[in-house]
Each structure stands twice: as C-alpha cells, then as structure tokens.
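Taking it in order: structure first as structure tokens, then the write-up.
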Amino acid sequence: MTTHLEDTAPPDPRGPVERLMRDLRTRPEGLTAREAARRLQAHGPNVLTSRSGHGWARRLLGQFTHPLALLLWLAAVLAWVSGTTALAVAIVAVILVNAALAFAQERQAERAVSALAAYLPVRARVIRDGVGASIEAADLVPGDILLVEEGDRVSADARLLAGAVEVDMSTLTGESLPAFRSADATDLGGTVLDAKDLVFSGTNCTGGAARAVVFATGMATELGRIAALTQRVGHDESPLERQVKRVAWLIAAVAVGVGLAFLPLGVLVAGLPLSDSFQFAIGLLVANVPEGLLPTITLALAVGVRVLARGGAVVKRLSAVETLGSTTVICTDKTGTLTRNRMRVTEIWTSDGALHAGTPAAATALLARTAAACANAEVDPAAPDDATGDPTEIALLLAAADLGADISVEPRQAARVRQFHFDPTLRLMSTVDDLGGVVVNTKGAPEEVLRRTTHLQVPGGPRPMSAEDRAAVEAAAARFAARGLRVLALAYREVPPGTPAPTERTEAERDLVLLGLVAMVDPPRPEVADAVDRCHRAGIRLIVVTGDNGLTAAEIARQVGIGSSGITVVTGAELETMPEADLDALLRDGGELVFARSSPEVKLRVADALRAQGHVVAMTGDGVNDAPALRRADIGVAMGRSGTDVAREAATMVLTDDNFATIVTAVEAGRRVFDNVRKFIVYIFAHATPEVLPFLVFALSGGAIPLPLTVPQILAVDLGTETLPALALGREPAEPGLMDRPPRHRGDNVIDRPMLTRAWALLGGISALLVLGGYLLTLLAGGWTPGAPTGPGTALHHTWQQATTMSFLGIVACQIGTAFAARTNHAPLRAIGALSNRLLLWGIAFELAFTAAVLAIPPLARVFGMALPPLWQIALLPLFPVLVWGADELWRARRRRVEG
C-alpha cells in the first residue's frame with residue numbers, strides 16, 4: 001500500500017536540519033522534476049483557497065438595496081396600495097431581473113480582474129535535478145530547495161540551509177522593521193514566527209541571499225492559516241462608483257420629492273382621482289430610475305482593465321483606470337524603460353587608454369577577473385539571449401568572457417566567501433572571493449568607486465593614484481557619459497595573507513585599486529520618442545529619475561525628446577542639500593527634469609512634492625527600495641520583467657514589457673475609459689426627460705391629456721432596449737484628439753453640469769418634444785379631443801393604445817439618435833465613422849428586434865399594452881434619430897468653434 005505525502009504528519013521545521021531533510025525526503029541537490037510533479041498532485045498547488053461562504057449572497061442582496069432599487073421597491077408598494085396588483089408584480093419582477101443582471105455583470109467584472117493573475121505569475125527560483133530553475137510559485141512543493149534573494153517574495157514556508165536574509169514580516173506580524181533570518185541561527189524559544197532560521201510565505205526579502213528547504217505550501221503555511229481564519233473579501237469601491245452612487249441618491253431624492261409634491265397637486269389642483277395620482281407617482285419614480293447604471297460602470301472599468309492587460313499594462317485595481325486618465329506627471333526610470341535594457345560593453349578605459357571591448361591587453365586581465373567574480377547573473381556565451389540576471393551584469397560577463405575570463409557559475413560560487421549586495425544608495429556592489437588569496441572585487445558608479453580608491457592598476461602593478469590620474473579617470477567617464485553610454489568602474493583589493501576576510505562593508509570597500517572603466521550602450525527603445533511626443537501633446541510632464549550619470553541620462557532624454565527645449569539635471573547630492581522650498585519652486589517651474597545619481601528616497605520626496613502641488617503622479621520603479629514611492633504615487637508602475645516582487649506588490653500597475661510607451665498607452669486607455677463612462681451616462685440620462693415629461697403633461701393637464709406612456713412600457717425601454725447599446729458605448733474606440741487635450745483636474749466629477757445639460761435638456765428635451773408630438777398626432781388622427789375618455793371599454797381606448805405605442809416607438813427611435821450622438825464628446829461623428837462601433841450596431845439591432853417582438857407577439861403586446869399605429873405614422877419614426885443626432889452634432893460644432 002502506497003503512503004501519500006498528504007497522509008503523513010507535517011514535519012517539524014524547528015528540529016535538526018538533517019531530520020527535516022529526511023522527513024521531507026529531499027536532498028541539497030533538490031527534487032527531481034518527476035518527483036516534484038508527483039508531490040504537486042499530492043499536495044495541490046501552492047495557492048491560497050477561499051471558501052465560497054455567503055459573500056455572493058451579500059453582494060446579491062446589495063443589488064436589492066442600492067438607491068435605484070429602493071426607488072423601484074417604493075413604486076411597487078405604491079402600485080400595490082393603489083390596487084394595481086399586476087403592476088406591482090411587474091415592478092417586482094423588474095427588480096429581480098435587474099438584480100440578477102447587475103449581479104452577473106459584477107461577477108463578470110470580478111472574474112475579469114481575477115483573470116489578471118495569469119498575466120503576473122509569481123516566480124520562484126528552485127534547484128530541480130541539481131540545477132537552478134525558475135518556476136511559477138504555485139508549483140512549489142514541500143521538499144523543494146528554494147533560492148531567495150533581495151527583492152524576491154518568499155512564496156512558501158521554508159527553513160534556511162545556507163546564507164542570511166532580511167525579510168519584511170509585516171504581512172504576518174505587523175512589524176515595520178525587517179527581521180534578520182540566518183541559517184546559522186538556532187532559536188527554539190518563542191513562536192514559530194520568531195524562529196531565526198525560518199522564512200514564511202507572503203513576506204518579502206529586502207536584503208541578502210539564502211538557500212532554504214520548503215516545508216509547507218498553500219493553506220498549510222502560516223499565511224494560509226491566517227487566511228483560513230479570516231476568509232473575508234472586501235469590495236474596493238472606486239471614486240467613480242462613489243460619485244455615481246451619490247448621483248443615484250440625488251436622483252432618488254428628486255424623484256421622491258417630485259412625486260410627493262405632485263401627488264397632492266394631482267388630487268387637489270388637477271382634480272385627478274387618487275388612483276390616477278398614484279399611477280402618476282409610480283410612473284415618475286420608475287421613469288427616474290436608470291436601472292443598469294452602476295453595473296454598467298463596473299463592467300466598463302473591468303473591460304478597460306482587461307484591454308490594458310492585453311496591451312502589456314496590468315492594472316490591479318478597477319479604480320486605477322479612471323486615475324490613469326488624469327495623470328499630469330510621469331516620473332520615469334531610464335534603464336529598461338526609456339531604453340532597451342540590453343546592455344553591451346562597447347569600450348573599456350584602463351591606464352593604457354581607451355580600448356574597444358574584446359581587445360585583450362595587459363591591464364584587462366584583472367579587470368575581466370573582477371567583472372566575472374563580482375556578479376550574480378548566469379550567462380552562457382554561446383546563448384547570450386538565454387542569460388538570466390541583471391542586464392548590466394550580463395553585459396559585464398559577456399565582456400569578461402571575450403577577454404578570456406571564466407564566467408561559469410560553479411567556480412564563481414565555489415570561490416565566493418562573502419557578498420555585499422548592490423546598495424542603491426551607495427551605488428556599489430562587492431564580493432569577497434578566494435582566488436588563490438582573498439580578494440575584494442568591487443563595481444559601481446565611477447565617482448563612488450573613486451571615492452574609495454587609493455591606487456591605480458598599471459602594467460607594472462598598482463601605484464598610488466595622483467590628482468592627475470583622478471582627473472583623467474573623471475574626464476574619461478564624462479566623455480563616455482556625454483555620448484549616452486552607461487559607465488561603471490571596477491576595482492579590487494588583495495587582503496594580506498593571514499588577515500581575516502572582511503565582514504563589514506566599510507572594511508571591505510576601502511583602499512581599492514582602480515582597474516578601469518567599462519562603457520556600455522543601452523539604446524533608446526524606438527517607440528519611446530513617439531510616446532514622449534504624445535505625452536507633450538497631452539499636457540503630461542516628464543521627469544527622469546535615475547541612478548545613472550547625469551550626462552548619460554540627459555543624452556538619452558534628449559534622444560527621445562524629453563527636455564528638447566532645455567533640461568535641468570539635478571544630482572542626488574544637490575537634492576540632498578536642497579531645501580523643500582527650492583524643490584517646490586523647481587517642480588512648480590514646469591520644465592522637464594533629470595534627477596541623476598538618485599537614491600530611491602529621491603523618488604519618494606519628488607512624488608510627495610508633486611502631489612502637494614495638486615499633480616496626479618505616475619511613478620515607475622523596479623527595486624525593493626522603490627516600494628514606498630510606488631505606494632505614495634497616484635499610479636505606481638512596476639516593471640514586470642526586470643522588477644522585483646516587492647515592487648510589483650507595491651505598484652498599482654505592472655508593465656509586462658517594461659516599456660515607457662506602454663505607460664502612455666495606458667494613460668490614453670484610461671482617458672478613453674473615462675470618456676466612455678461619460679458617454680453611456682449621457683445616453684442613459686437622456687432618456688429620463690422623454691419618460692418623465694409625459695407624466696408631467698398628464699398631471700398638469702388635470703388628466704385632460706391621458707398618460708402618453710405606461711409604466712410597463714417604461715420598463716420595456718429601460719431594460720429591453722437601453723442596456724445593450726449602453727454597454728456598447730463603454731467599448732467605444734478613442735475619440736480623435738483624445739491625447740491632444742490637457743489632463744482633467746483631480747477633482748473633476750464624472751457627472752457635471754454641462755454633461756447633465758446636454759443629456760437632460762438637449763438630447764432629452766428634443767426627444768421629449770418628438771415623442772409627445774408623435775403621441776398627440778396619433779390621438780388627434782384617431783378623433784380624440786382634449787378631455788375625451790380613453791379608458792378600457794371606451795371608443796378611443798384602442799386609439800390611446802396606438803398613441804402610447806407611438807410614444808414607446810418614438811423613445812426607441814430617439815435612443816438610436818442619442819446613441820450615435822453620445823459616441824463623441826467633442827469630435828464630429830464622421831471623424832470616428834458612423835459604423836465603426838460594431839458592438840453598438842449589434843446593440844441597436846437587438847433593440848429593434850426586441851421592439852418588433854413586443855409589437856408582433858400577442859402575449860407580449862398585451863402585457864405592455866401595445867397596439868400598432870398606422871403605417872404612415874410609423875414612417876415618421878426614421879426622422880427622430882436624425883433630428884436628435886443632428887441637433888447634438890450642431891451643438892458640438894458650436895462648442896468646438898467657441899473652444900477654438
């Protein structure tokens with residue numbers, strides 16, 4: 001009988017390492033791929049699962065209690081009290097159908113956002129079959145040997161086998177300071193979370209490197225235990241949804257107020273029977289309810305998120321889509337974002353002078369050795385495109401290989417005694433290696449290496465560095481940087497025999513011997529220049545924040561069009577001494593800037609200053625220390641390829657292609673989504689006027705003019721003919737000139753007075769006049785006179801049914817005109833093409849088919865009180881959409897002339 005892993009007791013992670021490895025049935029060389037696949041079947045994916053619970057029930061219940069649904073409940077109660085039970089049942093049915101539709105749309109939106117996880121698989125590095133491999137974190141199993149480095153997310157609970165790391169434990173403990181964890185530390189006291197040699201799923205490595213054995217995955221982890229205890233799902237309501245909900249309450253208050261005001265007027269002033277007054281109030285309430293507004297907005301945002309994801313920008317929150325459209329400043333990295341991030345060494349400077357890369361010389365042998373030792377990337381010179389690691393290190397390793405150095409991983413790891421990881425503040429990385437003697441190998445920014453250098457390597461060996469030597473090095477670095485090349489300095493120091501290897505960074509990185517400079521080219525991405533031009537036309541300001549040399553950054557910025565009329569370069573050292581008032585003045589000036597040799601703290605300071613001035617800031621970043629600035633910015637943008645897990649977690653948006661042009665595309669998409677939300681709100685709100693005005697005419701005439709529209713017909717309009725075209729307007733392509741307009745202000749509402757004027761007065765007013773005209777024409781043509789009875793059993797009842805049907809058909813016809821008018825907020829319809837939105841055409845086709853079904857199918861005709869008007873009157877209906885659209889087209893043309 002086979003014993004499955006899941007049937008065994010969980011191993012004790014705090015016991016001796018040998019026993020833990022035995023219990024997990026693993027080895028330092030890791031699992032085989034076949035064994036890992038078997039364990040994955042046994043244990044399941046390394047993911048957190050959620051119980052279904054009753055969250056869906058609460059969300060479904062919410063569809064019955066939002067303000068627009070409450071209005072319908074009130075209308076149903078009024079209908080029941082007035083004795084029209086059939087109408088009350090019909091309204092309740094509408095509430096149920098609308099709730100089901102809204103719930104289904106919200107679920108679709110949730111699935112759309114959840115599906116984005118496929119674009120951002122969390123990766124983990126493990127040892128499988130004795131070699132390092134990158135796998136999806138979901139495929140981790142107990143017994144895997146996990147490699148953890150700075151910037152990684154720890155994806156499972158693991159026991160350290162070698163090395164030491166600092167981890168951010170705040171997700172589990174709430175502690176803001178990183179915790180030190182080391183394979184050499186053994187502490188059996190306290191809780192499991194206090195163990196000094198354990199790391200846990202959901203935490204982030206902020207420094208160091210280590211090898212660990214996985215002992216728990218998925219719901220068996222500490223994070224899984226917490227998730228199992230809570231299992232709460234919250235809804236992040238976007239500012240847009242909050243604005244629309246406030247408008248919904250306003251509509252509810254207006255509808256109830258108007259209904260209550262006209263109820264006594266109808267009885268006391270107009271002399272209407274109480275039943276007619278109740279019917280009037282019911283119609284007024286129902287006519288004021290845009291039933292599909294909230295779910296349509298949610299779905300439009302979700303569609304926008306999915307469109308962005310397919311374009312390379314994964315947005316992690318629905319609310320971020322609307323924020324993107326109002327971005328006023330983009331603070332961008334240079335390397336990998338403006339450039340290709342495909343470094344290649346082109347020139348080398350040593351004491352012998354400048355050399356082309358790959359040219360062996362006496363002074364380059366030690367330089368190549370240091371470049372090969374002070375790196376963590378993995379490169380096969382025969383297949384450089386398959387290299388893994390930092391692009392700069394890859395370039396250095398390839399150059400070292402060309403100069404004859406051995407760049408294979410095994411000798412490098414065997415020789416390494418200690419590593420001081422790259423520090424973005426110091427802009428240095430160093431390793432201590434046993435190369436037949438203990439040697440410190442250092443690489444970093446030329447000025448930082450020079451600051452720690454006392455000697456220069458010459459053909460005869462190291463000699464003290466003179467002031468002339470320093471000037472020559474600085475001049476060579478400046479010449480390279482002015483040509484847009486990235487420059488690094490390499491240095492070393494031999495530790496005297498018998499002296500212990502340095503354990504502190506300051507002890508290691510001193511009295512260095514400068515070997516030379518390497519100049520690398522990272523050309524701008526070809527599409528960035530066009531994206532920069534689009535930013536300028538859209539009124540978006542660009543600021544480059546980079547750790548690179550100021551001359552290099554300024555040259556790359558010039559090549560892509562940033563600061564073409566002049567650019568100011570501010571170094572990190574200058575910014576550190578700059579008072580806040582001077583920084584505010586610099587940023588308020590409006591010019592484009594380069595912050596060079598900047599630490600991640602500079603990004604945070606710049607983001608704070610810009611936000612204080614009212615800007616909407618998009619900030620890019622990829623490192624661990626970029627996380628605070630990414631969180632602080634309105635839109636934090638992390639790099640999906642080169643970025644760390646920590647940065648990706650902190651960001652609002654992740655670029656799967658690390659491309660600046662994708663940011664601009666995302667801003668354009670955000671503007672388009674915001675515009676489309678306004679378009680279908682205009683479309684939905686425009687129909688309130690022709691639905692409400694007939695009831696006012698009925699009440700103000702004291703019943704002399706019978707009701708031009710029945711409540712079931714209004715419901716047929718709001719649910720049967722309106723919804724699909726509204727959804728189609730949410731998929732409109734970008735309007736011409738979208739990126740030629742300045743960004744909208746942070747406080748601009750999605751629904752404003754000009755928009756309501758256009759919807760209610762212009763589109764709605766013209767529609768109402770046409771609908772009433774068609775209604776009265778049908779009545780008069782049938783022999784009706786004001787005050788003549790039209791109720792059931794009267795001679796004019798059929799004529800009245802034909803007239804109300806004409807009102808219904810008139811609203812449907814006007815909806816078509818409104819849909820085409822609402823397709824643009826500024827441009828003429830010809831600029832986007834009348835037939836370019838195929839979804840809208842299908843929506844209108846469904847609208848017409850539904851209308852034909854309501855007229856032609858007898859049971860439906862009876863339910864909605866339909867009677868076909870004379871054909872000569874129906875022949876007038878094609879004029880309605882032309883008149884509605886034409887009036888709006890003239891209004892938009894006039895506004896374009898006024899705006900210049």
Side-chain angles (χ1 to χ4, degrees), residues 28-29 125 127 129-134 147 149 162-163 209 211 342-352 355-422 428-444 449 457-459 461-462 488-495 497 501-502 508-509 512-520:
E29 295 80 16
R125 283 191 55 78
I127 298 177
D129 295 312
V131 297
S134 176
L147 303 177
E149 295 182 349
R211 187 162 44 88
R342 293 181 181 175
M343 291 283 188
R344 290 294 181 269
V345 174
T346 57
E347 295 186 59
I348 297 173
W349 183 93
T350 68
S351 59
D352 286 341
L355 304 168
H356 287 293
T359 304
T364 60
L366 284 177
L367 184 144
R369 186 190 72 172
T370 292
C374 190
N376 290 313
E378 298 181 14
V379 183
D380 179 0
D385 291 338
D386 296 332
T388 60
D390 180 76
T392 301
E393 289 194 347
I394 293 172
L396 286 174
L397 288 174
L398 289 173
D402 289 342
L403 294 171
D406 182 3
I407 64 171
S408 53
V409 176
E410 292 77 10
R412 185 197 315 163
Q413 291 179 339
R416 185 165 295 175
V417 177
R418 186 165 289 106
Q419 174 176 311
F420 301 102
H421 286 274
F422 176 75
L428 292 172
M429 173 186 172
S430 296
T431 59
V432 182
D433 304 284
D434 186 352
L435 304 173
V438 178
V439 178
V440 176
N441 293 294
T442 299
K443 70 170 185 282
V449 175
Q457 185 73 23
V458 297
L488 289 182
L490 285 90
Y492 79 105
R493 177 170 68 88
E494 294 182 350
V495 179
E509 295 171 345
L512 297 174
V513 179
L514 181 69
L515 291 166
L517 306 175
V518 291
M520 292 169 278

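Quick note: numbers below take in every heavy atom, side chains included, and nothing from hydrogens, waters or symmetry partners.
What you find for A368 and A400 is that their closest heavy atoms are O-CB, 3.6 Å. Here the shortest heavy-atom pairing between G444 and L428 reads CA-CD2, 3.9 Å. Between G132 and R125, the closest heavy-atom pair is CA-NH2, 4.0 Å.
Residues V495 and V432 have side chains not in contact (no heavy-atom distance under 4.5 Å, counting atoms from C-beta outward). Contact annotation: the side chain of L366 never approaches that of V513 to less than 4.5 Å [non-hydrogen atoms, C-beta and beyond]. Within the 4.5 Å cutoff, no side-chain heavy atoms of T392 are placed close to those of M429. Side-chain atoms of I127 and L147, non-hydrogen and from C-beta on, do get closer than 4.5 Å to each other. Using a 4.5 Å cut-off on side-chain heavy atoms (C-beta onward), T370 and V439 make no contact.
No side-chain donor-acceptor contact under 3.5 Å links R493 to the backbone of E509. A donor-acceptor pair under 3.5 Å is absent between the side-chain atoms of D433 and the main chain of L435, judged by distance alone. Remark: side-chain polar atoms of T350 are paired, donor with acceptor, to backbone N or O of D352 under 3.5 angstrom. With R418 contributing its side chain and P502 its backbone, the two residues share a donor-acceptor pair below 3.5 Å.
Considering CD1 of I407 and CG of D402, their distance stands at 8.5 Å, rounded to 0.5 Å. Rounding to the nearest 0.5 Å places CZ of R369 at 12.5 Å from OG1 of T364. Atom CG of residue L403 and atom CG of residue L398 lie 11.0 Å apart, to the nearest 0.5 angstrom. Here the CD atom belonging to E378 is positioned 10.0 Å from the CG atom belonging to L397, to the nearest 0.5 angstrom.
Within 6.0 Å of CZ on R342 lie no more than 12 heavy atoms contributed by other residues, nucleotides or ligands. Remark: E29 CD is packed, more than 12 non-hydrogen atoms of other residues, nucleotides or ligands lying under 6.0 Å away.
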Check your understanding: Going through the checks in order, is the salt bridge (Lys or Arg N to Asp or Glu O under 4.0 Å) test met by E393 and R412?
Key -> CA-CA 14 Å; E393 289 194 347; R412 185 197 315 163; 6.0 Å; no
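By the side chain to side chain donor-acceptor pair (under 3.5 Å) test, Q419 is found to be paired with N376, R416, H421, residues two or more places apart in sequence or in another chain being considered.
Results of the side chain to side chain contact (heavy atoms under 4.5 Å, CB included) test with C374 over L490, L396, T431, T442 single out T431 as the only residue that passes.
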